[in-house]
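Take a look at the structure set out below.
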Amino acid sequence: MVQRRIDELVETELGLQVAVYRHGELVVDAVAGDGVTSDTLYFAASTGKGASATVANVLVDRGVLDYDRPLVEIWPEFGAHRKDKATLRHVLTHSVGLPALPVDTTRKTLPEQAERLAAAKPWWEPGTKMTYHAETFGLLVGEIVRRATGRTMSDVLRDIVTPLGLQENVFFALPVEQRHRLAELVEPDGAEETFATLAGMFEQVVPRAMQPRAAVLNRPEQLAIEDPSSGILNARGIAKLYAGLIGEVDGVRLVRPEAVPVITGPALVAQDELLGNPATLALGYAIGRLGSSAEESPASFGWPGMGGSVAWADTRSGVTFALTRTLFDPTGSGSAVEIGNLVAKTLC
């Protein structure tokens, strides 16, 4: 059913991967498009935030991090401008008040910006408001992880996913030896106006040099720069990571069963100060399946990526879903919604 539909969509989508796990078992592993296999890696933009959040939540479950301990205890510089009460919970719920990258940030200088964020004045008192931290989310989580463990986010991710066999399926920085597996993204004709509109919408928080465009993201050396706000991954990898978070896969659980409702339940309900939309957030994930609301699918959580990729999980049914695509369309979540709804209707 899924394979048949993506075979129909591939003429316009150019390439697609869809993976679905149910109770830890791979039940859909479908691909379409010239040269696309289940092992192909895609730049999946903010879909990678699900992996960043999972790293943080696993470390909390293991006692390395704490949701509510002030960050200044492991990152003293973060206390500048009265941020001394800010916590990991605030970061995971996009309510820490640091959504903006410095205006001179480039992909090359991105890893250096955590220090500047620590010294920055927040837009509001942490925890009192929220807006989507499009690029700073990963920087903050990554630096918190580094301060707590002494290791990079990529190294900690690799340790966490290796028991699931995913060490070559989910990355925050593309290793040189994996470059041959990277899919080349293609922007749709006539998308310039849409990209310009999005750049204007996010210009307060994401400098234009950091706006994702296929011409930059098709250069592997650009993706070699660690960015935990994004992911280089395949559908099978991120779907399995979510499966390991909500249950057992191949004998592996990433967190204790009792931690799952804490991680995936509502942690913040607020209006997005910048974008204006209502948001219901778990600890690092949006609640509600892409294409439906938190009220319509309260047991689902995950994160979509600009360009049309998505990954989500449903704790009630034990289903996890991911879709990646070759067409890097800034408004193109239609296939992710359609195929996701098809899977949800059948399995959730």
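Owing to the predicted nature of the structure, the values given are computational and were not obtained by experimental measurement.
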With a sphere of 6.0 Å drawn around CD of Glu125, does it hold more than 12 non-hydrogen atoms of other residues, nucleotides or ligands? no
Check step by step if side chain to side chain contact (heavy atoms under 4.5 Å, CB included) holds for Leu117 and Leu140. CA-CA 8 Å; Leu117 290 175; Leu140 294 169; 4.0 Å; yes
Is any side-chain heavy atom of Val156 closer than 4.5 Å to a side-chain heavy atom of Val58? no
Sequence neighbours excluded - salt bridge (Lys or Arg N to Asp or Glu O under 4.0 Å) pairs with any residue from residues 84-103: Asp68-Arg89
Check the surroundings of atom CD in Glu25: do more than 12 heavy atoms from other residues, nucleotides or ligands lie under 6.0 Å from it? no
Set of salt bridge (Lys or Arg N to Asp or Glu O under 4.0 Å) partners for Arg236, sequence neighbours left out: Asp29, Asp39
Non-neighbouring partners of Phe301 that pass ring pair (Phe, Tyr, Trp, His ring centres under 6.0 Å), sequence neighbours left out: Tyr242, Tyr285
Partners passing ring pair (Phe, Tyr, Trp, His ring centres under 6.0 Å) against Trp75 (at least two apart in sequence or in another chain): Phe78
Does the pair Ser292 and Ser297 meet the rule for a side chain to side chain donor-acceptor pair (under 3.5 Å), with working shown? CA-CA 7 Å; Ser292 70; Ser297 51; 2.6 Å; yes
Only counting residues at least two apart or in another chain, list the ones meeting side-chain contact (heavy atoms from CB on, under 4.5 Å) with Gln271. Pro278
Of Arg5, Gln3, Arg4, which is the lone residue that meets side chain to side chain donor-acceptor pair (under 3.5 Å) with Asp7? Gln3
Who are the ring pair (Phe, Tyr, Trp, His ring centres under 6.0 Å) partners of His133, not counting sequence neighbours? His94
Just jot down the ring pair (Phe, Tyr, Trp, His ring centres under 6.0 Å) partners of Phe172, sequence neighbours excluded, or say none. none
Hey, is the main chain of Val252 close enough, under 3.5 Å, to the side chain of Asp250 for a donor-acceptor pair? no
Output every pair passing salt bridge (Lys or Arg N to Asp or Glu O under 4.0 Å) with a member in residues 110-124, not counting sequence neighbours, ordered by first then second residue. Asp104-Arg116
Qualifying residues under side-chain contact (heavy atoms from CB on, under 4.5 Å), relative to Leu342, sequence neighbours excluded: Met1, Val2
Exceeds 12 heavy-atom contacts within 6.0 angstrom, atom CZ of Arg82: no
Listed partners of Glu192 passing salt bridge (Lys or Arg N to Asp or Glu O under 4.0 Å), at least two apart: Arg213
Glu177 atom CD: more than 12 heavy-atom contacts under 6.0 Å: yes
Evaluate the criterion side chain to side chain contact (heavy atoms under 4.5 Å, CB included) for residue pair Asn234 and Ser38; output intermediate values, then yes/no. CA-CA 7 Å; Asn234 49 45; Ser38 296; over 6 Å; no
Quick one: does any side-chain atom of Lys83 pair with a main-chain N or O of Ala80 as donor and acceptor, under 3.5 Å? yes
Apart from Ile287 itself, its cluster of hydrophobic side chains linked below 4.5 Å comprises none
Return the set of residues passing salt bridge (Lys or Arg N to Asp or Glu O under 4.0 Å) with Asp34 (not counting sequence neighbours), or none when no residue passes. none
